[in-house]
Number of protein chains: 2
Amino acid sequence: MSRQAKDQLFQQIAQVAQAIANPHRLELLDLLVQAPRSVEQLALASAMSVANASQHLQRLKRAGLVIGDRHGTTIRYRLADPAVARLWTELRGVAVSQLAEVERALDQYRPQRRQFPTITPAALRAGIARGDTLLLDVRPAEEFAAGHLSGAISSPLEELPARLDELPADVLIVTYCRGPLCVYADEALEQIIASGRRGARLEEGIAEWQLAGNPVELLSA
Amino acid sequence: MSRQAKDQLFQQIAQVAQAIANPHRLELLDLLVQAPRSVEQLALASAMSVANASQHLQRLKRAGLVIGDRHGTTIRYRLADPAVARLWTELRGVAVSQLAEVERALDQYRPQRRQFPTITPAALRAGIARGDTLLLDVRPAEEFAAGHLSGAISSPLEELPARLDELPADVLIVTYCRGPLCVYADEALEQIIASGRRGARLEEGIAEWQLAGNPVELLSA
DNA sequence: AGGATATTCAATAATTCGATTGATTACTGG
DNA sequence: CCAGTAATCAATCGAATTATTGAATATCCT
């Protein structure tokens, strides 16, 4: 029979799985979901040496998960397809829901995640429609520019202290960032609540938001 | 910073990815998507030794992807969660769409896949509603019993030659099986078309069908 | 053209993975 | 309680993966 052909088929698919079966490469993908970046930026953000990051990126490229475009002297890596973001989101979802150890690791990484109120996408949309809710994107400005939730205002975490006074006091301020594995929104929320305002966190990042069929905007608002 | 906690988090998630980063384990998952099975059945269906299949199953179990229930002397493995089927489907989709090598391997394994007409879920539903389309599930009877497309009739590939005469000649006969990596529906279609009937293949299996929000039935019809 | 910068390549050593074999454990049925 | 079957465990060896280091390319800018 064609056991040979079958083995080869599964072998090929497994190579894609092997490409994502490494913590560093997952972190690279997690960054690239937010915005394209150069090798150096990626290495810095993920605390890897440039050579190491480069090799991992090439592994991802060979598996068809990312694409590198040359822009002058730098190479800008980006996801090869939105399906890659879905794959990463699905993998993370399975890991978080099926393994208690991941929950524990997440508690370690986001110690405040159970202290602050969260809000669902549906409740958020309703609040924005009513006009009594403000949606803050606290990621770095480049990531906001590369795509953000429709209706969000950019306020990178570093600039938030300076802008805190400008925020209205009579609305619910919802923060979001890269997604459930990101601490930015928690840290922003801490400042917002400390300032006496009402706040909540949206767990979803841009990938999860889009996956659920919600609108996304490009460029700055 | 909490680079340590972050590393641990990605490390944990990568372990789930490592669990699916092996061709044999992918084949086991592909089988389990269709129906629960014993270790021996899985070993037989995937051409592995029992000891080897057992070890791979335990790896999947440790990653929270499958669950083994004891039924007397045998242990019946099943998917831990429908999200696992989604993860496998998403991985396969990325592999097929991003890597030309996978396309070629698929052509090797399903040489007839471009020769026969295919049908979309939407067209299939319309045809069934009109009453001029018959949907045949050509998988083994146990898999049909564990869950099948709503409205399908079971006719395992082995029994099809004997039943071919009973099939009506004036309707479109649509075959489906485990999904895009399965040859059963192709082989059934070959017989059906050779008998002078009109036929088409549905590429979707039960997992893809369900993922698209379509109804599924349990037990036999 | 030539220096500077970003990225990749090549080689190495430590670790992990995977198939096989034979022994062991868990349960059923008599 | 004992024989028989299903599944797992343990130990082994060969193969694959990974981080690190230093060298090699490719492109830009003057």
Note: R114(A)-E103(A) ion pair, threshold 4.0 Å (strictly below) =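 Result for this pair is yes, salt bridge flagged.
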Applying side-chain hydrogen bond (donor to acceptor under 3.5 Å, both in side chains), name anything that partners R139(A), two or more places apart in sequence or on another chain.
->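 So R139(A) forms a side-chain hydrogen bond (donor to acceptor under 3.5 Å, both in side chains) with Q34(A), D137(A).
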Quiz: residues 209-216 of chain B side-chain donor-acceptor pairs under 3.5 angstrom, not counting sequence neighbours:
residue	atom	partner	partner atom	Å
W209(B)	NE1	P215(B)	O	2.8
N214(B)	OD1	R125(B)	NH1	2.7
N214(B)	ND2	W209(B)	O	3.3

A188(B): what forms a side-chain contact (heavy atoms from CB on, under 4.5 Å) with it, not counting sequence neighbours?
->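 Counting only residues at least two positions away or on another chain, A188(B) forms a side-chain contact (heavy atoms from CB on, under 4.5 Å) with V138(B), L157(B), L160(B), T175(B).
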Could you tell me the separation between the CD atom of Q55(A) and the C1' atom of dT21(D), rounded to a whole number of Å?
->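 It is 11 Å, rounded to the nearest whole Å.
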DNA chain C contacts among [range], heavy-atom distance under 4.0 Å:
range                     : value
residues 58-77 of chain B : R59(B), R70(B), G72(B), T73(B)
residues 38-52 of chain B : A51(B), N52(B)
residues 18-31 of chain A : none

Could you identify which residues of residues 8-15 of chain B place a heavy atom less than 4.0 Å from some atom of DNA chain D, listed by residue number, or say none?
->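 Within residues 8-15 of chain B, no residue comes under 4.0 Å of DNA chain D.
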Determine whether V33(A) and T89(A) make a side-chain contact, defined as any pair of heavy atoms from C-beta on separated by less than 4.5 Å.
->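 Side-chain contact under 4.5 Å: no.
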Output side-chain donor-acceptor pairs under 3.5 Å for residues 64-71 of chain B, partner residues at least two apart or in another chain, one line each.
residue	atom	partner	partner atom	Å
D69(B)	OD1	R78(B)	NH2	3.4
D69(B)	OD2	R78(B)	NE	2.7
R70(B)	NE	G72(B)	O	3.3

Answer yes or no: does a side-chain N or O of S54(B) lie under 4.0 Å from OP1 or OP2 of dT8(D)?
->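 S54(B) to dT8(D) OP1/OP2: side-chain N or O found under 4.0 Å.
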Donor-acceptor under 3.5 Å (E166(A) side chain, R163(A) main chain) |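 Such a contact is absent between E166(A) side chain and R163(A) backbone.
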Considering only heavy atoms of chain A and a distance under 4.0 Å, specify the first and last nucleotide of DNA chain C in 5' to 3' order that meet this criterion.
->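 The contact span of chain A on DNA chain C goes from dT5(C) to dA10(C).
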Compute the angle between the rotation axes at the two ends of the helix from dA1(C)-dT30(D) to dG30(C)-dC1(D), each taken over five pairs, rounded to 10 degrees.
->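 Rounded to the nearest 10 degrees, the bend comes out at 40°.
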Who passes salt bridge (charged side-chain N to carboxylate O under 4.0 Å, His left out) against R178(A), sequence neighbours left out?
->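 Per chain and number, R178(A) pairs via salt bridge (charged side-chain N to carboxylate O under 4.0 Å, His left out) with E143(A).
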Test item: side-chain donor near acceptor, Q108(B) and Q8(A), under 3.5 Å =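 The answer is no; no qualifying pair exists.
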Please list all pairs passing the side-chain hydrogen bond (donor to acceptor under 3.5 Å, both in side chains) test where one or both residues lie in residues 16-28 of chain A, with sequence neighbours left out.
->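 Listed by first then second residue: R25(A)-H56(A), E27(A)-R3(B).
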